[in-house]
Amino acid sequence: MAATASMTCSLDQLSQLLGPNATAAAAYICDQFASVSNKFTDTAYAVDNTYLLFSAYLVFSMQLGFAMLCAGSVRAKNTMNIMLTNVLDAAAGGLFYYLFGFAFAFGGPSNGFIGRQNFALESIPSSSFDYSNFLYQWAFAIAAAGITSGSIAERTQFVAYLIYSSFLTGFVYPVVSHWFWSADGWASAFRTDDFLFGSGVIDFAGSGVVHMVGGLAGFWGALIEGPRIGRFDHSSKQTPLRGHSASLVVLGTFMLWFGWYGFNPGSFNKISVAYASGSYYGQWSAVGRTAVTTTLAGCTAALTTLFGKRILSGHWNVTDVCNGLLGGFAAITAGCSVVEPWAAVICGFVASLVLIGCNMLAEKFGYDDPLEAAQLHGGCGAWGVIFTALFASEKYVKEVYPSRPVQYGLFMGGGGRLLAAHIIQIVVIAGFVSATMGTLFYALSKLKLLRISADDEMAGMDPTRHGGFAYIYHEGDGLDKNGIQMMKIGGDAPSSV
Amino acid sequence: MAASQSCSADQLSQLLGPNATAAATYICGQFTSVSNNFTSTAYAIDNTYLLFSAYLVFSMQLGFAMLCAGSVRAKNTMNIMLTNVLDAATGGLFYYLFGFAFAFGGPSNGFIGSHNFALKSIPSSSIDYSNFLYQWAFAIAAAGITSGSIAERTQFVAYLIYSSFLTGFVYPVVSHWFWSGDGWASALNTNGDFLFGSGVIDFAGSGVVHMVGGIAGLWGALIEGPRIGRFDHSGRGIALRGHSASLVVIGTFMLWFGWYGFNPGSFNKISVTYPDSPGYYYGQWSGVGRTAVTTTLAGCTAALTTLFGKRILSGHWNVTDVCNGLLGGFAAITAGCSVVEPWAAIICGFVASLVLIGCNMLAEKFKYDDPLEAAQLHGGCGAWGVIFTALFATEKYVKEVYPSRPPRYGLFMGGGGKLLAAHVIQILVITGFVSATMGTLFFILHKLKLLRISAEDEMAGMDITRHGGFAYVYHDNDDSLKNGIQMKKIENAPTPPLTV
Amino acid sequence: MAASQSCSADQLSQLLGPNATAAATYICGQFTSVSNNFTSTAYAIDNTYLLFSAYLVFSMQLGFAMLCAGSVRAKNTMNIMLTNVLDAATGGLFYYLFGFAFAFGGPSNGFIGSHNFALKSIPSSSIDYSNFLYQWAFAIAAAGITSGSIAERTQFVAYLIYSSFLTGFVYPVVSHWFWSGDGWASALNTNGDFLFGSGVIDFAGSGVVHMVGGIAGLWGALIEGPRIGRFDHSGRGIALRGHSASLVVIGTFMLWFGWYGFNPGSFNKISVTYPDSPGYYYGQWSGVGRTAVTTTLAGCTAALTTLFGKRILSGHWNVTDVCNGLLGGFAAITAGCSVVEPWAAIICGFVASLVLIGCNMLAEKFKYDDPLEAAQLHGGCGAWGVIFTALFATEKYVKEVYPSRPPRYGLFMGGGGKLLAAHVIQILVITGFVSATMGTLFFILHKLKLLRISAEDEMAGMDITRHGGFAYVYHDNDDSLKNGIQMKKIENAPTPPLTV
């Protein structure tokens, strides 16, 4: 500690002062206390930044999760394509969010609609934002883009992908997050003047801001592109096009679970905050509680899906369970910090049903989403927003959002204002994302930049666009290159599944 | 930080002059506020530390899933991965509802906890949410161990039943005995008269976690019998290799990564000064770092020993064997990681590797089939770890880590045999209790014909019969033709270009 | 928290009245205790920070293993993964026994450390166990880099030898020069007269780690020559593609994840106030955050540049190339990550990508075969990173990060050429030393016929000849042969041995 030196108390000096000169003694003592106070401030910065940075790293690890979830859920012939898009989400997102995304989202002072300071991290760090905040928010922004990529997998031109991903990370998502998370946002619970029903929206870690945005963008993309070839046959009977590797799906799911511990508890940004009640109960407890509610919601959703799908399809299916789990997480994300653990169990249970229902609807309307991203993040995300308005407890809302008049959950006796605000959130997000991303996808479609040709789709994008397949388990260098090879490869395929 | 000091010099100077009492009150008020701030800061640091450790321990679940998936045949991959996902999920609910209460709900008797069901009255002064999360991650690790032993031949329903029972009851009770302040054999028990005046030093759970998981697996695998084809008619063993060494290596590295939460994280707090050294560089943070170092060294030594040992025995340099050796070293050091010197950890890892090789030979001899060697690895090496701790625990570290008890330390370090006696009792008691509960459970399931799948299902693979299809579809059949046309399809199908 | 303040107002008021000396003693005693508490708290925070950073750096080993595994052909997967596991394991033992002592054991001369063998006298006031763990994770990263260059054609014994030598001697010596307080070229060296009054600013090791690993790999690959089939008779290059892009992407993301421990973690401490701003929001925590941001931006820029660059050159959007570009950006920013502005990191990444593409063209031209492009990536981009730092280091940040030395900063930022001169010397010295040691070692192994495997082994794959079988068994044939054709296929194809 560099500043230790400033805290040396001189015995001689103080004793001389204490005797004759009360004023000097007082000044001396108070000086010491001021130095102590400064050291506490420094310590708190160190603790909070450590906490936030490691949370950001966890959230970043979700990008590995998305990549593997997507890769495992598509067919082998499109694996290179989908993984490339996930890598570029992070990379392009890094540049665009640095250049203007963060400024649109949090650059204050600003109006309620969009931020306009701190482009390219100008004037950062400031008293309210440090580099760690940027890194954390960047990891969130690329998660939203990662969600969308799943919906339009296996049939989208790579250029279209680059365009929508930049637009989403650089503009659409930042604007939405400005509304609900910036202190200037028109619907933010941090806003201290006259705002939405005197309530503002409690979307703690982003069921609406992240998951609904990503899911709805994906919904429009998938809708405009139409289903993959072979997904619905002529009689409209559906044929599941199974992903090529359940191992990658499970790997991705666990990494997302791991990363969600950065996503939800990390959204406190600070851990070193004492609550008025003092002693052992402080923001660290709330952080822990958030991790617990997150866990319980996901676990419940997974189990509900397990049994629900077993009843519906007769199988114990691991990829369905994984999706159910993630649906539970997406739902609890809005309210994770302000609900009791038992309420999280309810949240997960309903989220699973919402997901199953959305999938049935999608099936019925011939909507094809290779990762169920719109259903999962859009549907369960919307449920999460509603859930928060029903179950947010007064005590926790007061602790987490101390600066505002408390509006809490309808079922907890808090009245309907929060619910009204949350319904507005859903409507507004749906409207804005549809107006921007829907239009973008439509324009791309009209320009013939959106969907690949039928030939490419049948052959797979990897051989046509990405230089070859992702896997070569048997290679031919030096080994039987003749007729037998043909046969060998023939026997290789699991003849049908 | 709330409650920062604001010291008013004017005010204080008026007080200092005429009114000593008020001045003193004022100054002491400031110091109280300082002290409160330190308490809050320590909570913030310790919870940050514990929560991130818990996340690391959770990441071991990914490790178990990949290790298991890679070690079974492709036709059972969906099954084993599903069980690993559900370990975590059912574990989450059951441990929340009553597991945690059985384990740590105090005040209670020495056998089982009886408070804090569904996290009632949490957070309290001794337990915060982060403690629950950390312990939950441990509980699901135990269930994950067992799933490996009975892989590839167990009915899914049996799996759900034993997993709930293990996470919800068996493991919590054992952890209560050894880790709760009320446990009858806990080194944290301060009620004077307990096990040889010593209690058991099972710091992060070679016995409590690994032996419990391993012995449960042993009974399951024993009652089910070996997989079809594992031993031929003449009784010779035929290895049924797992389908992907890459997944095994991913799993091993994730487990290694997670073990840094498992062992060093078991301190629960890092912001603790040791009594004789305030403001000094040596404190619990050094203990935490030392624990990470002993863990690393034990695993590394075990891996190298296994490498050369297996090379001598089988003639191959085998990566999956090395991975298992590595994990055996970790399982063994887990009990003593915080109370032994780094050089002792090397001995621990060396012996652990030999124990594992020996157990595997025994298993082969007795036709015991354990697809992941889980019983040998976690049971055998875990038991060695418990003994090892009783031999090599140093006085100094035991005093620091368990300050509230009369220190009993390692036999070889001059500490006498009381700790060893207590640890032998631990092994016996865990073996007995887990056999009585889990052994009985597996036996009942067996009698009810709920345990093992049919021979046909086993030959075909569980994925296709129970889980809706294989895990892998590398060649895409959406135009799918199954017969003679298949040939044709493949001729012009998207097989990978041989060289590009 | 130990040593909490308990201030007694009664006592103090009695003292305040008549006895000024005693009152002063009392008050100062309280402040001393406060100061001690702050010291302890800072140790707790810093060790938490450093340990979790070390865990992240360790997770890069998983990244290397998967990157390597995915980039080689399926027939050599077991081999390369085993080498990666053993990097970590042998590295753990050798670095514990003497590597750490060579690197950081002080007081010592400028060339090599000579204390703290086997962690003797650790923890001390300057080094705790967490520092050892962190440095170990760095050492094994260097060995991991080299393994990629010589993949698919190196004898396993040669691998064990060079890996021990690199982790136990070569890397520790180089890190002593540039990172130890005693090193002859270290920016932490305070003995006045050193390299151009500047020392080298290689914050997290573009030179010390990446160039060392890359140049060692260069010599190994050069002496071994290209893999069979890599260049045809007319000298045209034929890419031997890796067998799994999924594993490459897993590996890349894990490396990215781990790099957040590698670069920001190299501060070692986060709880440091900058001199002129106690109680202010700007401190070392901001420096740590900025380092994470520069790291991110350099990698992202390099990835995008590579994407479009390769698209122009080859016509494909290639994910493995993008992954390599990304890693090249990280390797380059590693030296200067803490002392440059975020906008400079974008320049760094842009140029790094061009350097990598250029190096790959050179390699192609000179028929140099490096399965993972490790020499190009870590050697080439690492060298660029060292130069970049000497050009763009800002005065303010250099002062903050290296407070004890006269600040020499970047040429383009107005700091003059002394830093650049020192950095050019660093490149020359590292190249020379690594060539002299590792180049000689590889040459001797080559002469002893211990380096390269036989042509037959190389054609068949090392897994089947040395490591007990292939990594993958997707079709399990212990029961199921489906028809005549299938039979035939299995007889003459390189399918995994049915049972081993």
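Letters A, B, ... are given to chains in the order of the sequence lines, protein chains preceding strands, and every chain is numbered from 1. For clarity, every value in this text was computed on a predicted model and none was experimentally measured.
For the set Ser61(A), Ala71(A), Gly252(A), Gly93(A), the entry with the most heavy-atom pairs within less than 4.5 Å of chain C is Ser61(A). For chain C, the option among Asn86(A), Leu135(A), Leu99(A) with the highest count of heavy-atom pairs below 4.5 Å is Leu135(A). Among the candidates Ser314(C), Gly229(C), Ser246(C), the residue making the largest number of heavy-atom pairs closer than 4.5 Å to chain A is Ser246(C). Contact count against chain A (heavy-atom pairs under 4.5 Å) is highest for Pro342(C) among Ala471(C), Gly329(C), Pro342(C). Between chain A and the residues Asn318(C), Leu247(C), Ile250(C), the largest count of heavy-atom pairs under 4.5 Å involves Ile250(C). Most heavy-atom pairs under 4.5 Å with chain A: of the set Ile45(C), Asp321(C), Thr48(C), this distinction falls to Ile45(C). Of the listed residues Leu121(A), Leu95(A), Leu52(A), the one with more heavy-atom pairs under 4.5 angstrom with chain C than any other is Leu95(A). Comparing Ser127(A), Gly94(A), Gly72(A) by heavy-atom pairs within less than 4.5 Å of chain C, the highest count is held by Ser127(A). Counting heavy-atom pairs closer than 4.5 Å to chain C, the top-ranked of the candidates Ser132(A), Ala120(A), Ala56(A), Ala92(A) is Ala92(A).
For Val59(A), no part lies under 4.5 angstrom from a heavy atom of chain C. Only the side chain of Leu162(A) comes within contact range of chain C, with heavy atoms under 4.5 Å apart. Contacts of Phe60(A) with chain C are made by side-chain atoms alone, with heavy-atom separations under 4.5 Å and no backbone atom involved. For Leu248(A), the part sitting under 4.5 Å from any heavy atom of chain C is the side chain, from C-beta outward, and nothing else. Of the atoms belonging to Leu251(A), it is side-chain heavy atoms, and not backbone ones, that fall under 4.5 Å from chain C. Of the two parts of Met68(A), only the side chain, counted from C-beta on, holds a non-hydrogen atom closer than 4.5 Å to a non-hydrogen atom of chain C. In this structure, chain A has heavy atoms under 4.5 Å from both the backbone and the side chain of Val293(C). When heavy atoms are compared at a cutoff of 4.5 Å, Tyr57(A) approaches chain C by way of both its backbone and its side chain. For Leu56(C), the part lying near chain A is the side chain, with the backbone staying farther off; criterion is any non-hydrogen pair under 4.5 Å. Neither the backbone nor the side chain of Thr291(C) comes within contact range of chain A, judged by heavy atoms closer than 4.5 Å. For a residue to count as touching a neighbouring chain, one of its non-hydrogen atoms must lie under 4.5 Å from one of that chain's; by this rule Pro264(C) touches chain A with the side chain only. Both the backbone and the side chain of Thr301(C) come within contact range of chain A, judged by heavy atoms closer than 4.5 Å.
Atom CZ of Phe350(C) is surrounded by 12 or fewer heavy atoms from other residues, nucleotides or ligands within 6.0 Å.
Without hydrogens or angle criteria, Asp130(A) side chain to Pro125(A) main chain gives no donor-acceptor distance under 3.5 Å.
The cationic atom of Arg290(C) (NZ for Lys, CZ for Arg) lies less than 6.0 Å from the six-membered ring centre of Tyr397(C) and within 45° of the ring axis.
Residues Ser271(C) and Asp46(C) bring no donor and acceptor atom of their side chains to less than 3.5 Å of each other. Using modelled atom types, one finds no donor on one side chain facing an acceptor on the other under 3.5 Å when comparing Tyr281(C) with Ser126(A).
To the nearest 0.5 Å, atom CG of residue Asp463(C) and atom OG1 of residue Thr77(C) are 5.5 Å apart. Here the CZ-CD distance, from Arg73(C) to Glu458(C), works out to 7.0 Å after rounding to the nearest 0.5 Å. Atoms CG and OG, on Asn133(A) and Ser128(A) in that order, are 8.0 Å from each other to the nearest 0.5 Å.
Each of Thr320(C), Val249(C), Val319(C) was compared with Leu84(A) under the side chain to side chain contact (heavy atoms under 4.5 Å, CB included) criterion, and only Val319(C) meets it.
Aromatic ring centres of Phe102(A) and Trp138(A) lie farther apart than the 6.0 Å criterion allows.
Annotation: side chain to side chain contact (heavy atoms under 4.5 Å, CB included) contacts of Arg230(C) (sequence neighbours excluded): Pro226(C), Arg227(C), Leu240(C), Glu364(C), Asp369(C). Residues satisfying the salt bridge (Lys or Arg N to Asp or Glu O under 4.0 Å) test with Glu400(C), not counting sequence neighbours, are none.
Between Tyr49(C) and Phe54(A), the ring planes lie perpendicular to each other; the angle is over 60°, past the 30° to 60° tilted range.
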